[in-house]
Trainee: 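I have a structure I would like to understand better, so I am pasting it below and will then ask my questions one at a time.
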Amino acid sequence: MTKTLRHRILASIIDYAILAIYATGLFLVANLFFSVFDWSTVQNPIIGQLIGFLTLTFPVITYSYLTEKSNWRGTIGKKLQKLIVLTDQNKSAKNILIRNVLKFLPWELAHTGVHWTLYYNSTGIETPLWTWVILILPQVFVLGYFVSILISKGESSIYDKISKTKILYITT
């Protein structure tokens with residue numbers, strides 16, 4: 001295992017721990033909010049998706065985007081693991097935005113599948129095939145991402161290739 005790959009894995013663990021803390025706080029606030037207000041509005045999958053996107057996915061993408069385009073050139077996990085995100089200097093903000101949208105796309109697709117599955121289960125309607133596809137597709141994407149990271153020894157993934165970015169371990 002290369003240093004870049006090892007540090008990229010550790011950086012991911014750190015970043016997902018930070019994300020888990022944020023998501024737990026968000027969950028606690030949501031439970032408090034819905035103990036006071038009517039829970040039934042979120043049973044609508046479109047409203048639930050919108051709330052989930054605006055409170056979880058959008059802030060996470062924004063955090064990753066802003067830290068990776070900053071002077072740090074990486075998230076807190078990457079910074080602690082001495083990794084930076086390299087881009088084509090002429091289009092760095094655009095490349096980093098594309099990178100993060102593609103990186104978190106499977107996550108948002110999975111949320112969509114979960115919202116619709118909960119909706120169909122709560123209404124007694126059989127879950128349609130398209131919902132199952134939306135639940136399985138993110139797993140295929142993530143597997144592809146993971147394999148591409150392993151093949152590149154931590155320097156690149158499918159979403160890095162598409163966005164023309166690269167991960168570099170800094171030895172200094």
Trainee: Counting only N and O atoms by type, is there a donor-acceptor contact under 3.5 Å from the side chain of T4 to the main-chain atoms of L168?
Mentor: no
Trainee: Measuring from I61:CD1 to F53:CZ, what's the distance to the nearest 0.5 Å?
Mentor: 5.5 Å
Trainee: Quick one: does I167's side chain get under 4.5 Å of L86's, heavy atoms only?
Mentor: no
Trainee: Quick check on the hydrophobic clustering: are L102 and Y65 connected, directly or via other members, by side-chain heavy-atom contacts under 4.5 Å?
Mentor: no
Trainee: Given the rule in the side chain to side chain contact (heavy atoms under 4.5 Å, CB included) test, do I149 and Y159 qualify, once you have shown the distances and angles that lead to the verdict?
Mentor: CA-CA 10 Å; I149 290 168; Y159 55 84; 4.2 Å; yes
Trainee: Would the distance check show the side chain of T112 and the main-chain N or O of E108 forming a donor-acceptor pair, the cut-off being under 3.5 Å?
Mentor: yes
Trainee: Give, for atom CG of L66 and atom CG of L97, the distance between the pair rounded to the nearest 0.5 Å.
Mentor: 10.0 Å
Trainee: Mind listing the closest non-hydrogen atom pair of L56 and A23 along with its distance?
Mentor: CD1-CB, 4.1 Å
Trainee: Taking atom NZ as the centre, does K69 end up with more than 12 heavy-atom neighbours from other residues, nucleotides or ligands that are less than 6.0 angstrom away?
Mentor: no
Trainee: Do K164 and T87 come within less than 4.5 Å of each other through their side chains, counting heavy atoms only?
Mentor: no
Trainee: Is it the case that the side chain of S148 and the backbone of S157 share a donor-acceptor pair, with hydrogens and angles ignored and the cut-off at 3.5 Å?
Mentor: no
Trainee: Would you call I14 and Q81 a side-chain contact if the rule is heavy atoms closer than 4.5 Å?
Mentor: yes
Trainee: T165 and S163: side-chain donor and acceptor closer than 3.5 Å?
Mentor: yes
Trainee: Check the hydrophobic clustering (I, L, V, M, F, W, Y; side-chain heavy atoms under 4.5 Å; chains of links allowed) and say if I125 and I134 are grouped together.
Mentor: yes
Trainee: Please lay out, stage by stage, how W72 and I84 fare under the test side chain to side chain contact (heavy atoms under 4.5 Å, CB included).
Mentor: CA-CA 7 Å; W72 276 16; I84 60 170; over 6 Å; no
Trainee: Report the relative orientation of the aromatic rings in W130 and W116; use parallel for angles under 30°, tilted for 30 to 60°, perpendicular for over 60°.
Mentor: perpendicular
Trainee: Kindly indicate, with the supporting measurements, whether the criterion side chain to side chain contact (heavy atoms under 4.5 Å, CB included) is fulfilled by E126 and Y120.
Mentor: CA-CA 6 Å; E126 184 178 338; Y120 286 120; over 6 Å; no
Trainee: Looking only at heavy atoms, what is the nearest atom pair of N100 and S64, with distance?
Mentor: OD1-CB, 3.0 Å
Trainee: In terms of side-chain geometry, is the basic nitrogen of D160 or R8 positioned less than 4.0 Å from the acidic oxygen of its partner?
Mentor: yes
Trainee: Between atom OG1 of T75 and atom CG of L19, what is the distance when rounded to the nearest 0.5 Å?
Mentor: 11.0 Å
Trainee: Does E68 pair with R99 as a salt bridge, N-O distance under 4.0 Å?
Mentor: yes
Trainee: Rounded to the nearest 0.5 Å, what separation is found between the CG atom of L10 and the NZ atom of K78?
Mentor: 12.5 Å
Trainee: Which pair of heavy atoms, one from V142 and one from P106, lies closest together, and at what distance?
Mentor: CG2-CB, 3.8 Å
Trainee: For the hydrophobic clusters of this structure (ILVMFWY residues joined by side-chain heavy atoms under 4.5 Å, transitively), does one cluster hold both Y16 and L26?
Mentor: yes
Trainee: OH/Y119 to OG1/T131 distance, rounded to the nearest 0.5 angstrom?
Mentor: 11.0 Å
Trainee: Decide side chain to side chain contact (heavy atoms under 4.5 Å, CB included) for Y63 and I76; before the verdict, give the C-alpha distance in whole Å, the side-chain angles of both, and the deciding distance to 0.1 Å.
Mentor: CA-CA 10 Å; Y63 157 75; I76 292 171; 3.4 Å; yes
Trainee: Following the transitive rule for hydrophobic clusters with a side-chain heavy-atom cut-off under 4.5 Å over Ile, Leu, Val, Met, Phe, Trp and Tyr, establish whether Y145 and M1 coincide in one cluster.
Mentor: yes
Trainee: Using 30° and 60° as the class limits, which term best fits the ring planes of H111 and W107: parallel, tilted or perpendicular?
Mentor: tilted
Trainee: Quick one: CD1 on I162 to OG on S156, what's the gap to the nearest 0.5 Å?
Mentor: 10.0 Å
Trainee: When hydrophobic residues are tied together by side-chain contacts of less than 4.5 Å, even through go-betweens, does I158 share a cluster with L143?
Mentor: no
